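Scroll down for the structure; my scribbles are underneath it.
In what follows, every chain begins at residue 1, and chains take the letters A, B, ... in the order their sequences are listed. Hydrogens, waters and symmetry mates are skipped; everything else that's a heavy atom, side chains included, is used. Owing to the predicted nature of the structure, the values given are computational and were not obtained by experimental measurement.
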Protein chains: 2
Amino acid sequence: MPGESPPEDPAPGTDPLFVQSLARGMGVLESFKGAEGALSLNQIATRAGLTRSAAQRLVHTFRKLGYLRMAEDGRGFRLDLPILDLTHDYLRLNPLVRRANPILLELRRNVRERVDLSLFDGQRMVYAARMQSKRETFFATLVGNSVPTVCTSGGWAVLAMLPQAEVDAILAQADFRQLTPRTITDPAVIRDQIALTRQNGHALATEQILMGEVALGVAIPDSSGRPVAAIHIAASLAEWEPEEFRRRIAPLAAEAVRSIVAG
Amino acid sequence: MPGESPPEDPAPGTDPLFVQSLARGMGVLESFKGAEGALSLNQIATRAGLTRSAAQRLVHTFRKLGYLRMAEDGRGFRLDLPILDLTHDYLRLNPLVRRANPILLELRRNVRERVDLSLFDGQRMVYAARMQSKRETFFATLVGNSVPTVCTSGGWAVLAMLPQAEVDAILAQADFRQLTPRTITDPAVIRDQIALTRQNGHALATEQILMGEVALGVAIPDSSGRPVAAIHIAASLAEWEPEEFRRRIAPLAAEAVRSIVAG
DNA sequence: CAGCAAGGTATTGCCATCCGATACGGCTGC
DNA sequence: GCAGCCGTATCGGATGGCAATACCTTGCTG
């Protein structure tokens, strides 16, 4: 889903290293993506593009392994606990998350507002960590949650560091949803924001995702200079005037990013 | 790893529904469990009990699917971002987590201390959600992290609701590690704590996992009365006298659990 | 209450697909 | 400059996954 590698195998059945059963199995897990609740075998088969038999076998296997379980009422299946182990290992082993965590904690102590780390994934910014502030309006557990790149401070910060061609590609395919009445949905205006971000070194987004919220984002580049993630600090407009927020917070956020990159 | 189902297939190769390739593939992902960093093909093969060829094929497939990526230095592989999507779906679709989340948030507002939800998984209690308090000493992102059932307030609360036979089984196989100088490692003393918990309806653990921390746990049963999870509220001994903590917090925690179960 | 649809489960024979041994080129550190 | 890892590529053989089909239960519905 992120930038497809151009050298793609043309024929989908001619990769002798590709283990089809495994891909189908992962397709079963992914079929829960849009789901509203437990899924029946037929639903899984349809969503994952499998025959009923295939779905049966794969589900059976996942149940033996613990990754799926039957829903409590005996109708349909759900993801089960061992999934969380994978997440934990992912976060634990991700070098960026590893380096960032103590620094973000420190940052949160200083700013006393909510601090997030999100990872760039094309159209999405995926939350990897959240350091909470005192008052909280949302789930703490939105690890794995994601928001559109094009309407968040962190996303703008990433876009500002990306080559123009990639920015164009992302904007061209973006789905501009109106998350709040003030969400910017005009690509031209977003380009302005990106330009502004390039000048400032950080992005400021007001009420783009949630009314009453202001957020400041700074991108994190990898060693080659390509942006791979962002930190953002979010606060309430009831307590901050946006410019004042920017003045106070931006230097701290920038400093935190410097520490992360240096580590 | 959690309680094996007794009706096990005796011959491991005679289950016609079992998709071996898928199981091996998941084994590759699980091989990152104890890892310290990226894993090479040989390491994966060894850890997962595969031939090098098998590891190669499975890793290759996971890379195409996005779940694994090559480490930045080109040596070894790491879990990649799509893993988080699975977690997110798991948490989103888990009925218990769903019902519990708003109630835990409310609870946190009232007690102004850290509130956790953890899921019972045999020897472990696995964190599913954390509502932070103001000061924080640890990663916010320990979703998927786990602690031994036998040394946490939540674990004791679960054990207190479990049939005696299961308690015996868990204690018999438990690995009593000394996480702090005050961690209880004597099964007999733990049994006392469990008995106490049965009387009180909640468990109180002081400095079992972290020095200076007191935690109160209440188990959450499913519709059949079997405990499946626990909430715990953790606070600092610098601010609370344990008995006072219990008196103030226990009723609120119990009330929260009632709401979750009723929902 | 009969009947039907949809749920999960079980069986079977065919052949595609996965299997493991082996070989290759590049990089690192002796 | 050699030894030992790394990730990658190839290939013939048979294992193991494949889809179709049938089975049993449950719950809805006419």
Side-chain angles (χ1 to χ4, degrees), chain A residues 5 7-28 31-32 35-65 67-80, chain B residues 5 7-28 31-32 35-65 67-80:
Chain A
S5 48
E8 198 68 27
D9 315 61
T14 51
D15 182 346
L17 286 178
F18 194 79
V19 181
Q20 181 193 60
S21 325
L22 179 54
R24 290 179 168 179
M26 297 315 285
V28 167
S31 69
F32 286 88
E36 296 280 343
L39 294 180
S40 74
L41 277 181
N42 281 330
Q43 290 175 305
I44 291 173
T46 305
R47 285 163 170 265
L50 301 172
T51 66
R52 211 176 113 90
S53 296
Q56 179 191 9
R57 267 177 289 114
L58 297 166
V59 166
H60 172 82
T61 307
F62 275 128
R63 288 177 71 187
K64 292 253 165 184
L65 298 175
Y67 291 94
L68 289 181
R69 71 177 309 151
M70 184 168 278
E72 12 292 300
D73 60 355
R75 329 194 101 253
F77 305 92
R78 287 189 8 233
L79 296 168
D80 206 359
Chain B
S5 49
E8 198 68 27
D9 316 60
T14 49
D15 182 346
L17 286 178
F18 194 79
V19 182
Q20 181 194 62
S21 325
L22 179 55
R24 289 179 168 179
M26 298 312 288
V28 167
S31 70
F32 286 88
E36 297 279 342
L39 294 180
S40 75
L41 277 180
N42 281 333
Q43 291 175 305
I44 291 173
T46 305
R47 285 163 171 264
L50 301 171
T51 66
R52 212 176 112 88
S53 295
Q56 179 191 9
R57 266 177 287 116
L58 298 167
V59 166
H60 172 82
T61 306
F62 275 128
R63 288 177 71 186
K64 292 255 165 183
L65 299 175
Y67 292 95
L68 289 181
R69 71 175 311 150
M70 184 168 277
E72 11 291 300
D73 60 354
R75 330 195 101 251
F77 304 92
R78 288 190 5 236
L79 297 168
D80 205 359

Looking at B:His60 and A:Leu17, what are the two nearest heavy atoms and their distance?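 That closest heavy-atom pairing would be CD2-CB, 3.4 Å.
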Dump the intermediate steps for side-chain contact (heavy atoms from CB on, under 4.5 Å) on B:Leu22 and A:Tyr67, then the final yes or no. CA-CA 12 Å; B:Leu22 179 55; A:Tyr67 291 94; over 6 Å; no
Is the phosphate of C:dG7, meaning OP1 or OP2, less than 4.0 Å from a side-chain N or O of A:Asn42?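 Answer is yes, contact under 4.0 Å.
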So B:Phe62 and B:Leu79, side-chain contact (heavy atoms from CB on, under 4.5 Å) or not? Walk me through it. CA-CA 9 Å; B:Phe62 275 128; B:Leu79 297 168; over 6 Å; no
Do side-chain atoms of B:Thr61 reach the backbone of A:Val19 as a donor and acceptor pair under 3.5 angstrom?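 Yes; at least one donor-acceptor contact below 3.5 Å.
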Round to a whole Å and report the spacing from [atom1] of [X] to [atom2] of [N].
{"X": "B:Arg63", "N": "D:dC6", "atom1": "CZ", "atom2": "C1'", "result": "12 Å"}
{"X": "B:Leu50", "N": "C:dA21", "atom1": "CG", "atom2": "P", "result": "12 Å"}
{"X": "B:Leu17", "N": "C:dT11", "atom1": "CG", "atom2": "C1'", "result": "9 Å"}
{"X": "B:Phe62", "N": "C:dC18", "atom1": "CZ", "atom2": "P", "result": "13 Å"}
{"X": "B:Asp15", "N": "C:dT12", "atom1": "CG", "atom2": "C1'", "result": "15 Å"}
{"X": "A:Gln43", "N": "C:dG8", "atom1": "CD", "atom2": "C1'", "result": "13 Å"}
{"X": "A:Leu41", "N": "D:dA19", "atom1": "CG", "atom2": "C1'", "result": "15 Å"}
{"X": "A:Arg78", "N": "C:dG8", "atom1": "CZ", "atom2": "P", "result": "14 Å"}

Rounded to the nearest 0.5 Å, what separation is found between the [atom1] atom of [X] and the [atom2] atom of [Y]?
{"X": "B:Arg63", "Y": "A:Phe18", "atom1": "CZ", "atom2": "CZ", "answer": "13.0 Å"}
{"X": "B:Arg52", "Y": "B:Thr46", "atom1": "CZ", "atom2": "OG1", "answer": "10.5 Å"}
{"X": "B:Leu65", "Y": "B:Asp80", "atom1": "CG", "atom2": "CG", "answer": "11.5 Å"}
{"X": "A:Leu39", "Y": "A:Arg75", "atom1": "CG", "atom2": "CZ", "answer": "13.5 Å"}

Side-chain heavy-atom pair A:Phe77, A:Val28 within 4.5 angstrom cut-off: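 No; the side chains remain at least 4.5 Å from each other.
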Earlier contact from the 5' end, DNA chain D, for A:Leu58 and B:Gly74: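 So the residue in question is B:Gly74.
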N/O-N/O pairs, protein side and nucleotides 21-28 of chain D side, under 3.5 Å:
none

Shortest side-chain distance from B:Thr51, nucleotide among C:dA21, D:dT10, D:dG7: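 My answer, after comparing the listed nucleotides, is C:dA21.
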Residue met sooner reading DNA chain C from 5', once B:Ala54 and A:Phe77 are mapped to nucleotides: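 The residue closer to the strand's 5' end, by nearest nucleotide, is A:Phe77.
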Do any N or O atoms of the protein come closer than 3.5 Å to N or O atoms of nucleotides 11-17 of chain D, and which pairs are they?
unit_1 : atom_1 : unit_2  : atom_2 : d
D:dG16 : OP1    : B:Gln20 : NE2    : 3.4
D:dG17 : OP1    : B:Gln20 : N      : 2.8
D:dG17 : OP1    : B:Ser21 : N      : 2.8
D:dG17 : OP1    : B:Ser21 : OG     : 3.1
D:dG17 : OP2    : B:Phe18 : O      : 3.2
D:dG17 : OP2    : B:Gln20 : N      : 3.2

